[in-house]
Peer 1: 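Okay, handing you the structure first.
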Amino acid sequence: MADREKIESNRIQRNISQKSIQWREKRRKRSMQLGFLCGIFTILVVVLTGYIVKNCVSDKKSFRKQGIEAFNSGNYEKAIDLFIDSMNEQQWFSQAMDADTDLYLAATYIRVGRFKDASDIYIKYVGKGVPGSSISEADIDSFMNLANALEETKNGTFKETTLQGLQDEYDRGNMSMALYLGAYYQKNADYENMIKCFQDYTNKFGMNTYIAMQLSSYYIEIGDLENAITVINKGMSAGDDIFRDRVMFNSIVLSEQKLDYESALEKAAELIEAYPNNETYQKEYDFLYSRINKNTEPVHNLKDEDKDENEDEEEKDQD
């Protein structure tokens with residue numbers, strides 16, 4: 001009886017030991033599985049975090065800011081490279097920023113004479129508008145027409161038949177043709193027709209800085225300061241910045257012609273504040289500053305002359 005109890009006791013202990021071993025083995029496997037899952041989860045978190053950081057944080061803003069600074073300083077080729085770098089940076093939620101950078105790039109292309117490249121940008125937004133921008137669809141149409149007009153006048157692609165076709169459209173009341181024709185007449189120094197076309201265009205679609213620059217430059221050249229002032233004021237209120245600095249500069253030239261150097265200096269200060277790294281505008285400011293802040297003390301006064309005469313007499317006596 002005692003042996004049977006002992007055997008049963010040993011069997012129970014073996015069962016307990018085996019179950020304990022099995023339990024430890026299961027726990028070890030669960031720990032390994034949990035560790036594996038944690039490792040996979042950690043890797044996923046790291047990869048996902050890297051992906052999010054890559055697409056949420058980039059040099060896009062920095063390139064854009066540097067591009068605007070280069071544009072304002074007149075370094076247009078550098079601005080183009082920086083704007084393109086900004087556009088190429090991948091970043092989430094940047095559609096509005098990219099669209100605005102795109103418009104800066106188009107404006108820069110116009111300033112360096114790459115009118116076709118500018119037109120290719122504007123056409124992307126025709127009929128759609130610009131995300132997050134106050135620029136209207138009509139403004140986009142105007143900018144694209146301007147780029148196309150400048151491209152055709154630059155290349156001399158205004159054949160007689162093309163010109164006649166534009167003129168016929170214009171005569172039928174299609175005022176959008178006036179921009180093309182105005183650019184053509186400006187390039188060919190037909191200023192009477194240039195003025196008529198640009199005026200018709202602005203009466204229909206409003207002023208832009210290109211027309212304001214061209215008209216004010218012409219009026220200043222012929223001494224029609226009253227019309228120059230009117231055009232400049234309208235240009236400063238236009239809805240684009242493509243040639244805004246040139247319009248501001250013409251305003252300074254206008255004040256100079258009126259011998260109003262103080263007003264010219266104030267405008268020049270405003271110009272270099274907006275375009276701080278532009279050497280031409282800085283030189284204009286320095287010139288105007290020197291005109292107003294002349295040294296009022298004479299280089300030689302009477303006492304100096306008396307002193308010089310006395311010194312001459314003393315030298316003669318010594319001789």
Side-chain angles (χ1 to χ4, degrees), residues 45-151 205-213 235-248 270-278 281:
V45 168
V46 171
V47 171
L48 184 60
T49 301
Y51 182 76
I52 292 172
V53 169
K54 179 185 176 186
N55 287 277
C56 288
V57 179
S58 70
D59 293 323
K60 182 179 288 291
K61 279 188 177 180
S62 176
F63 286 138
R64 168 185 158 82
K65 180 180 178 182
Q66 294 176 58
I68 293 173
E69 290 173 352
F71 178 87
N72 290 343
S73 69
N75 193 345
Y76 301 119
E77 294 297 339
K78 181 180 179 181
I80 289 171
D81 291 338
L82 288 165
F83 288 141
I84 291 175
D85 287 341
S86 177
M87 297 286 291
N88 288 338
E89 285 284 309
Q90 299 299 314
Q91 183 175 318
W92 288 345
F93 315 116
S94 63
Q95 291 87 347
M97 186 197 309
D98 285 342
D100 193 62
T101 302
D102 221 9
L103 294 183
Y104 265 111
L105 179 59
T108 313
Y109 281 145
I110 287 180
R111 295 300 290 266
V112 298
R114 292 172 60 176
F115 307 121
K116 178 65 168 57
D117 291 329
S119 179
D120 289 342
I121 291 176
Y122 290 132
I123 200 170
K124 294 188 297 184
Y125 302 101
V126 170
K128 302 175 183 177
V130 183
S133 174
S134 60
I135 296 177
S136 67
E137 292 182 19
D139 290 332
I140 294 297
D141 288 339
S142 175
F143 299 157
M144 187 182 69
N145 289 337
L146 171 62
N148 291 335
L150 294 175
E151 174 70 9
F205 301 105
M207 182 66 72
N208 62 47
T209 54
Y210 170 76
I211 293 177
M213 175 192 68
M236 294 300 293
S237 301
D240 71 280
D241 294 329
I242 299 176
F243 290 98
R244 181 179 175 82
D245 58 316
R246 297 284 293 276
V247 177
M248 294 174 70
E270 182 182 350
L271 182 61
I272 63 171
E273 183 179 359
Y275 304 88
N277 299 316
N278 189 298
Y281 301 154

Peer 1: Measure the spacing between CZ of F205 and CG of D139 and express it to the nearest 0.5 Å.
Peer 2: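 Separation between the atoms: 11.5 Å.
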
Peer 1: Classify the angle between the aromatic ring planes of Y104 and F71 as parallel (below 30°), tilted (30 to 60°) or perpendicular (above 60°).
Peer 2: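 The rings of Y104 and F71 stand perpendicular, inter-plane angle above 60°.
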
Peer 1: Salt bridge check: are D120 and K116 linked by an N-O gap of less than 4.0 Å?
Peer 2: yes

Peer 1: With a 3.5 Å cut-off and no angle check, do the side chains of Y125 and D102 form a donor-acceptor pair?
Peer 2: yes

Peer 1: Please assess L105 against I84 for the test side chain to side chain contact (heavy atoms under 4.5 Å, CB included), listing each intermediate value before the final yes or no.
Peer 2: CA-CA 8 Å; L105 179 59; I84 291 175; 4.1 Å; yes

Peer 1: How far apart are the C-alpha atoms of E77 and I80, what are their side-chain angles, what is the distance that settles it, and do they pass the side chain to side chain contact (heavy atoms under 4.5 Å, CB included) test?
Peer 2: CA-CA 5 Å; E77 294 297 339; I80 289 171; 4.1 Å; yes

Peer 1: Distance-only, no hydrogens or angles: does the S73 side chain make a donor-acceptor pair with backbone N or O of N278 under 3.5 Å?
Peer 2: no

Peer 1: Considering non-hydrogen atoms only, spot the tightest contact between A106 and I121 and give its length.
Peer 2: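 For A106 versus I121, the nearest heavy atoms are N-CD1, 3.7 Å.
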
Peer 1: What pair of heavy atoms forms the shortest contact from D59 to E89, and how long is it?
Peer 2: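 Taking every non-hydrogen atom into account, N-OE1, 3.3 Å.
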
Peer 1: Please name the pair of heavy atoms, one in I242 and one in A107, separated by the smallest distance, quoted to 0.1 Å.
Peer 2: CG1-CB, 3.8 Å

Peer 1: So how far is it from Y122 OH to M144 CE, rounded to the nearest 0.5 Å?
Peer 2: 11.0 Å

Peer 1: Kindly write out the residues that satisfy salt bridge (Lys or Arg N to Asp or Glu O under 4.0 Å) with R114, not counting sequence neighbours, or none if the list is empty.
Peer 2: D117

Peer 1: Which atom pair, heavy atoms only, marks the closest approach of A212 to V247?
Peer 2: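 What the structure gives for the nearest pair is CB-CG2, 3.9 Å.
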
Peer 1: Name all residues meeting the salt bridge (Lys or Arg N to Asp or Glu O under 4.0 Å) criterion together with D245; count only those two or more places apart in sequence or in a different chain, and write none if there are none.
Peer 2: R111

Peer 1: Between the main-chain N or O of F83 and the side-chain N or O of R64, is there a donor-acceptor pair closer than 3.5 Å?
Peer 2: no

Peer 1: Who are the salt bridge (Lys or Arg N to Asp or Glu O under 4.0 Å) partners of R246, not counting sequence neighbours?
Peer 2: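 So R246 forms no salt bridge (Lys or Arg N to Asp or Glu O under 4.0 Å) with any residue.
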
Peer 1: Taking only residues two or more places apart in sequence or in another chain, which ones pass side-chain contact (heavy atoms from CB on, under 4.5 Å) with K65?
Peer 2: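 With sequence neighbours excluded, K65 shows a side-chain contact (heavy atoms from CB on, under 4.5 Å) to E69, given in chain and number order.
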
Peer 1: At their closest point, which heavy atom of G67 faces which heavy atom of A79, and how far apart are they?
Peer 2: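 Nearest heavy atoms, G67 then A79: O-CB, 3.5 Å.
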
Peer 1: Tell me every residue that passes salt bridge (Lys or Arg N to Asp or Glu O under 4.0 Å) with D85, counting only those two or more places apart in sequence or in another chain.
Peer 2: none

Peer 1: Once side-chain contact (heavy atoms from CB on, under 4.5 Å) is applied, do any residues pair with E273, and if so which ones, sequence neighbours excluded?
Peer 2: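 Once residues adjacent in sequence are excluded, E273 has no partner under the side-chain contact (heavy atoms from CB on, under 4.5 Å) criterion.
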
Peer 1: Grab the two heavy atoms, one from D240 and one from R244, that are nearest each other, plus how far apart they are.
Peer 2: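 Nearest heavy atoms, D240 then R244: O-CB, 4.5 Å.
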
Peer 1: Before you tell me yes or no, could you show the steps for F243 and I110 under side chain to side chain contact (heavy atoms under 4.5 Å, CB included), namely the whole-Å CA-CA distance, both residues' side-chain angles and the distance that decides it to 0.1 Å?
Peer 2: CA-CA 9 Å; F243 290 98; I110 287 180; 3.7 Å; yes

